[in-house]
Amino acid sequence: MGKTIILAEKPSVAKELAKALSVFKRFDGYYEEGNYVVTWALGHLTELAEPAYYNPKYKRWSINDLPIIPNTLNSVILDSTKNQFEVVSSLFKRDDINQLIIATDAGREGELVARSIMELANWNKETKRLWISSQTKEAILDGFNNLKESSLYDNLYQAAKARSHADWYVGLNVSRALTTKHNVSLSAGRVQTPTLAILVEREKELEKFEGSFYWTIKAAFEPFSANLSVDKKALHITKEEEKDNYLKILENKEATVTEVTVEEKIENPPLAYDLTELQRDANLYLNFSAKETLDVLQRLYENHKIVTYPRTDSRYITNDIVPTLPQRLKALELTPFGQVANIFVEHGYRKDMERFVKESKVTDHHAIIPTEQKVDLTKLNKKEVDLWTLIAKRFMEVLSENYLYTNTEVTLEVDKHTFITTLKKEEQKGWRDISVLSDVVTEIGRTLPYKGEIPKVGDTFKIEKLTSRRTATEAPQRYSEATLLSAMENAGRFVDEKELKRNLSGGLGTVATRAEIIEKLINSYYVERQGRYLVPTAKGIELIRLAPQELTSPTLTALWEGRLANISDGVEQSSLFIDDIKKETTKLVNNVKNDRSRFEMSGEGVINCPHCDFVMLSFKDELDQVHHKCQRLGCGYEQMLVKKVKPAKQAVVKTQKLASGKKVMVVKKGKSVASYETTLKVVTPSRYRKPIEHSYKKEEDSNTTTFADLIKASEQRRKKRS
């Protein structure tokens, strides 16, 4: 019997797989013991070849060479991970190894990672698939006991490969076209560009917004307060004199309760976290960036093994997870949730688990929940504790009872003027009780319950105090990472066609790539962080103006995802999809070529380069220092504003009387007063060379006296004198 090789995506995962299988002998790039060899891919070992692979002339970027459309795209070995590829390839060639188990991330992109390596290393023997959602020993062993046939995922691989190739054709060609057309480093892509367009569109809305003011009036009664209202809504008063009149006529009046409406309310617990929802809450409550959330979550999954697979787009679990819930609760025993978790284990949790357990809502992986691994919070750093707390808190909420309360709407009349208030009484705290067990505050902005007696019709209350509040109409709010992630996840609202909306049910990008897209926009200087908000730069706004319109809308992703889903389902051949992508690429490149627009940035901080007179982009570095960088590719000049402290002595002049009676002026040095001066520091010198101005010799005028003529005349005069 031959040996089995297991291909994981990362060394840390390979280590856990090897440990679970009792494979402890470590070699260079793999583990081996008994019948198992465990190796890894370092994330990626291959990539799609650059254009120069197909023709050396493509090393030089030229708009005349576009579009670049090879008949087929080839994968090549990544230079940075070449050594590990050689290890994997040599293991594949061993005669004593006759079976491969793909253990890369269970999903479309994980399948692409493994299959690309297999193709480049010429693997052609028996292949199985490991599909697991957590890295506990129990989950790993269960996965190995239930291996899948790799052929079940062939169509998934074809869809992943088609998506990768399509992004290469479109992204590479349009980016080169924009860059060479405008002589500025510009990049565009199917997901990156519409995401940037969402931010740019919001910025345009803000520029057009014209705010106004209005006043509201609140009456304070002894046990509660109420708003002056009309048609069940707080009255917005647009004139100050009208506001003053209300305050005058209502002061010290008595109000009578004319209507009391009681409504019982039920709030189900929230669903468990998928990655996007967790990134959103971590940004809102912990001020984590999307990338930071994913990085911390990955450590909780890989290193500590106390949460399940991070890159999931599902908020549900499957039926096979239900029997493991007691073990997952027991694992929380030594945490702030331990006491309630033990009560759940002994006395049970909510009965209608069908809200949380839905097979049809789980594709590759179930929701992010705690594992059966016992949690020791002392082994975690502060950020890990905070993020784990969000996950554990949500898990406990999901298993808790409903939150029950009553809303009582009270209407009061004062001389035909109406005041309305809503009084909230808690009947059962249910899942909201879980919040008190953690230090992470997530109850921001929640209405506090009313503690007093509920008024009855006919009751009278004297207005103790009248107050007015001046409020500005709300401008559209800029996107934070939390709200941008929501916009990317729900990108269907940016398109009109129902079918396209359905295709965008997964949103722009994947749960695993959204953080990467946001970081790429920031690192490319298309977007900058301003506090909690993401703001497009002048360069980002200009890119959206110049990019082909098809790329600035989520519609392209909607069209692609519909066809990629068909490829995954075996309904469509990937070759037909790629043929259409090639045609679309040609069209997009021609749009850029034929566009007569010029790259013209404007706005605050945009200045001209002192060397080539092209526009310079203003941005701040991590130390909050202002930089200006020339956007002309052939210049690249960058300068930085440096603020230096310039200490100065403050002189004090006094008159002093000497013993002789004579007065003299005495200068005494006072305290040092710091002053500042701003200087320019060159970060990157300019590469720009001005075009050589050629001078052409004019034909000499016959009446013009040259220097040679003067010398000749002088010689003649000298000869005459001699």
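What's counted below: heavy atoms across the whole structure, side chains too, no hydrogens, waters or symmetry copies.
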Visitor: Checking the side chain of Trp431 only, and the main-chain atoms of Asp433 only, is there a donor and an acceptor separated by less than 3.5 Å?
Guide: no
Visitor: Could you verify whether a donor N or O on one side chain and an acceptor N or O on the other, from Glu359 and Asn319, lie under 3.5 Å apart?
Guide: yes
Visitor: In plain terms, say whether Arg163 and Glu561 are close enough for a salt bridge, that is, a side-chain N and a carboxylate O under 4.0 Å apart.
Guide: no
Visitor: Quick check against the 3.5 Å criterion: does Thr39 have a side-chain atom that pairs as donor or acceptor with the backbone of Gly29?
Guide: yes
Visitor: Is the closest side-chain donor-acceptor distance between Glu426 and Tyr403 under 3.5 Å?
Guide: yes
Visitor: So does Lys425 have more than 12 non-hydrogen atoms from other groups sitting under 6.0 Å from NZ?
Guide: yes
Visitor: With no hydrogens and no angle check, is any side-chain donor or acceptor of Thr312 less than 3.5 Å from a backbone partner on His365?
Guide: yes
Visitor: Would you kindly check if the NZ (Lys) or CZ (Arg) of Lys424 is within the cone defined by 45 degrees around the ring axis of Tyr405 and under 6.0 Å from the six-membered ring centre?
Guide: yes
Visitor: Measure from NZ or CZ of Arg26 to the centre of the six-membered ring of Tyr31 and say whether it is under 6.0 Å with the direction within 45° of the ring axis.
Guide: yes
Visitor: Do Thr422 side-chain atoms and Thr408 backbone N/O form a donor-acceptor pair below 3.5 Å?
Guide: no
Visitor: May I ask you to check if Arg394 and Tyr273 form a cation-pi contact, with NZ or CZ under 6.0 angstrom from the six-membered ring centre and within 45° of the axis?
Guide: yes
Visitor: State whether the side chain of Asp105 and the backbone N or O of Gly107 hold a donor-acceptor pair below 3.5 Å, judged by distance alone.
Guide: no
Visitor: How close do Asn155 and Asp569 get, counting heavy atoms only, and between which atoms?
Guide: ND2-C, 4.2 Å
Visitor: Tell me if the centroids of the rings in Trp131 and Tyr153 come within less than 6.0 Å of each other.
Guide: yes
Visitor: Can you tell me if Thr510 and Thr513 form a side-chain donor-acceptor pair at under 3.5 Å?
Guide: yes
Visitor: Taking side chain to side chain contact (heavy atoms under 4.5 Å, CB included) as the definition, give me every residue that meets it alongside Ala159, ordered by chain and number, with sequence neighbours left out.
Guide: Arg108, Ile567, Ser568
Visitor: Please list, chain by chain and in numerical order, all residues satisfying side chain to side chain contact (heavy atoms under 4.5 Å, CB included) with Ser289, sequence neighbours excluded.
Guide: Lys291, Glu292, Glu481, Glu519, Arg529
Visitor: Do Tyr309 and Tyr301 make the cut of ring centroids closer than 6.0 angstrom?
Guide: yes
Visitor: What residues form a side-chain hydrogen bond (donor to acceptor under 3.5 Å, both in side chains) with Thr136, not counting sequence neighbours?
Guide: none
